[in-house]
Amino acid sequence: MNLKTYLTVLKRNKLYTFTNFFGLSLSLAFVILLGLYIQQETSVDEQHANGERIYRLQTTESVTLPARLATDLGNRYPEIERSTRMMRRDLWVQRTPEEGAEEAILLVDSDFFRMFSFRMTEGRPEDVMHTVKDIVLTRSFAVKLFGTQSAVGRQVTINGDDSYVVSGVVEDFTDSHLHNPSILMSFEAVQGAFLDNYSTWNTSFT
């Protein structure tokens with residue numbers, strides 16, 4: 001059957017033609033979507049230089065663990081070169097003297113920027129978060145607070161405390177299992193008994 005005859009058959013059998021082309025289109029769309037999903041899943045966090053040496057600690061039931069565990073594991077296993085706890089909280093951030101809002105805060109330890117290769121737009125990974133009052137802003141939030149001006153060295157009021165100082169600005173988290181926060185601040189800046197006991201399971205470890 002040549003092409004002309006085949007096209008004639010398709011024209012005369014419209015229901016048959018529609019069914020075949022619709023099925024083919026649906027199959028191709030499914031294959032494309034599946035391919036895009038696999039590509040996205042396999043490319044998450046690939047930007048980290050030491051990705052093959054970074055592991056997340058979890059149990060079979062939960063990805064959260066007691067905050068105290070980080071110190072105890074570090075003391076027990078010298079093979080652990082670096083570690084960071086991570087906990088997400090919503091805290092009040094003053095945007096202007098007149099207004100503020102709750103913002104997504106990622107609490108981390110000082111090794112966070114030494115372990116992960118998130119690109120800094122201001123400051124250097126080795127120079128940020130040396131004290132509990134040092135904070136890092138994601139780029140989009142830094143623009144909201146300070147526009148195009150440099151954010152490093154500027155003060156930010158969090159939960160009524162105006163002594164937090166910006167030590168760096170990091171690119172927004174993309175292609176990462178971490179949802180993009182507004183601010184990263186020291187885990188130790190949050191005071192609470194849960195830091196020293198095993199009763200509260202609300203911290204993830206890497």
Side-chain angles (χ1 to χ4, degrees), residues 48-50 54 56-57 64-78 80-97 100-147 149-173 176 178-198 200 202-206:
H48 303 303
N50 297 315
I54 300 175
R56 183 173 70 177
L57 185 63
T64 59
L65 298 165
R68 169 71 181 272
L69 190 61
T71 302
D72 291 346
L73 287 178
N75 292 335
R76 183 170 182 176
Y77 299 104
I80 299 176
E81 298 177 41
R82 301 182 186 276
S83 67
T84 182
R85 297 167 293 185
M86 291 180 283
M87 183 171 69
R88 196 175 182 88
R89 294 190 64 182
D90 292 328
L91 300 179
W92 184 266
V93 179
Q94 202 72 25
R95 291 192 177 185
T96 69
E102 283 196 341
E103 301 290 345
I105 310 292
L106 185 63
L107 303 175
V108 298
D109 289 310
S110 59
D111 276 339
F112 181 87
F113 286 104
R114 269 66 91 186
M115 294 173 62
F116 297 106
S117 304
F118 293 113
R119 191 174 75 85
M120 305 291 297
T121 60
E122 291 188 50
R124 299 186 304 170
E126 59 269 25
D127 296 333
V128 301
M129 300 185 71
H130 284 311
T131 75
V132 296
K133 294 299 183 179
D134 286 347
I135 61 174
V136 173
L137 308 182
T138 50
R139 188 172 66 87
S140 59
F141 190 65
V143 171
K144 287 181 182 179
L145 288 184
F146 306 114
Q149 301 178 27
S150 174
V152 172
R154 306 287 288 270
Q155 289 183 295
V156 177
T157 301
I158 302 175
N159 275 6
D161 185 346
D162 65 357
S163 62
Y164 291 98
V165 178
V166 179
S167 58
V169 177
V170 65
E171 279 286 2
D172 290 354
F173 295 176
S176 174
L178 298 175
H179 296 294
N180 193 52
S182 297
I183 300 174
L184 293 94
M185 61 188 295
S186 172
F187 206 95
E188 299 296 335
V190 178
Q191 300 299 317
F194 72 89
L195 291 175
D196 297 315
N197 62 50
Y198 279 85
T200 307
N202 60 0
T203 307
S204 59
F205 289 86
T206 303

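Quick caveat: nothing in here was measured; it's all calculated off a predicted structure. FYI, the numbering just counts along the sequence from 1.
With sequence neighbours left out, the salt bridge (Lys or Arg N to Asp or Glu O under 4.0 Å) criterion links Asp172 to no other residue. Scored by the side-chain contact (heavy atoms from CB on, under 4.5 Å) test, Glu102 finds Asp90, Trp92 as partners (sequence neighbours excluded). Here Asp109 pairs with Arg85 under the salt bridge (Lys or Arg N to Asp or Glu O under 4.0 Å) rule; sequence neighbours left out. Taking Asp111 as the reference, Arg82 meet the salt bridge (Lys or Arg N to Asp or Glu O under 4.0 Å) condition, with sequence neighbours excluded. Under the salt bridge (Lys or Arg N to Asp or Glu O under 4.0 Å) criterion, Lys133 pairs with Asp161, sequence neighbours left out.
Inter-residue side-chain proximity for Met185 and Leu91 is flagged as met; some heavy-atom pair is nearer than 4.5 Å.
Between the CD1 atom of Ile183 and the CZ atom of Arg89 there is a distance of 13.0 Å, given to the nearest 0.5 Å. Note that CZ of Phe113 and OG of Ser167 are 8.0 Å apart. Values are rounded to the nearest 0.5 Å. Taken to the nearest 0.5 Å, the CD1 atom of Ile135 stands 8.5 Å off from the OH atom of Tyr164. Atoms CZ and OG1, from Phe118 and Thr138 in turn, are 11.0 Å apart once rounded to the nearest 0.5 Å.
Minimum interatomic distance between Arg124 and Asp127 (heavy atoms only, all atoms of both residues): NE-OD2, 2.7 Å. Taking every heavy atom of both residues into account, Phe187 and Met87 meet most closely at CE1-CB, 3.7 Å. Of all heavy-atom pairs spanning Leu106 and Phe173, the tightest one is CD2-CE1, 4.3 Å. Heavy-atom minimum distance, Val128 versus Met120: CG1-CE, 3.8 Å. Among all heavy-atom pairs drawn from Ala151 and Leu137, the shortest one is CB-CD1, 4.3 Å. In plain terms, the two heavy atoms of Asn180 and Ser140 that are nearest each other are ND2-OG, 4.1 Å.
Here the side chain of Ser110 pairs no donor or acceptor atom with the backbone of Met129 at under 3.5 angstrom. A distance-only check finds a donor-acceptor pair linking the side chain of Asp134 to the backbone of Thr131 [under 3.5 Å]. A donor-acceptor contact shorter than 3.5 Å links the side chain of Arg88 to the backbone of His179.
Annotation: Gln155, atom CD; neighbour count of heavy atoms from other residues, nucleotides and ligands within 6.0 Å is above 12.
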Could you give me the CA-CA distance, side-chain angles and deciding distance for Ile105 and Val93, then say whether side-chain contact (heavy atoms from CB on, under 4.5 Å) is met? CA-CA 10 Å; Ile105 310 292; Val93 179; 4.3 Å; yes
Residue pair Phe112, Val136: steps toward the side-chain contact (heavy atoms from CB on, under 4.5 Å) verdict: CA-CA 11 Å; Phe112 181 87; Val136 173; over 6 Å; no
Yes or no on side-chain contact (heavy atoms from CB on, under 4.5 Å) for Leu145 and Arg95, after CA distance, side-chain angles and deciding distance? CA-CA 6 Å; Leu145 288 184; Arg95 291 192 177 185; 4.1 Å; yes
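Every pair passing salt bridge (charged side-chain N to carboxylate O under 4.0 Å, His left out) that includes a residue from residues 113-122 is listed here, sequence neighbours excluded: Arg119-Glu171.
Judged by distance alone, the side chains of Ser182 and Glu103 do bring a donor and an acceptor atom under 3.5 Å apart.
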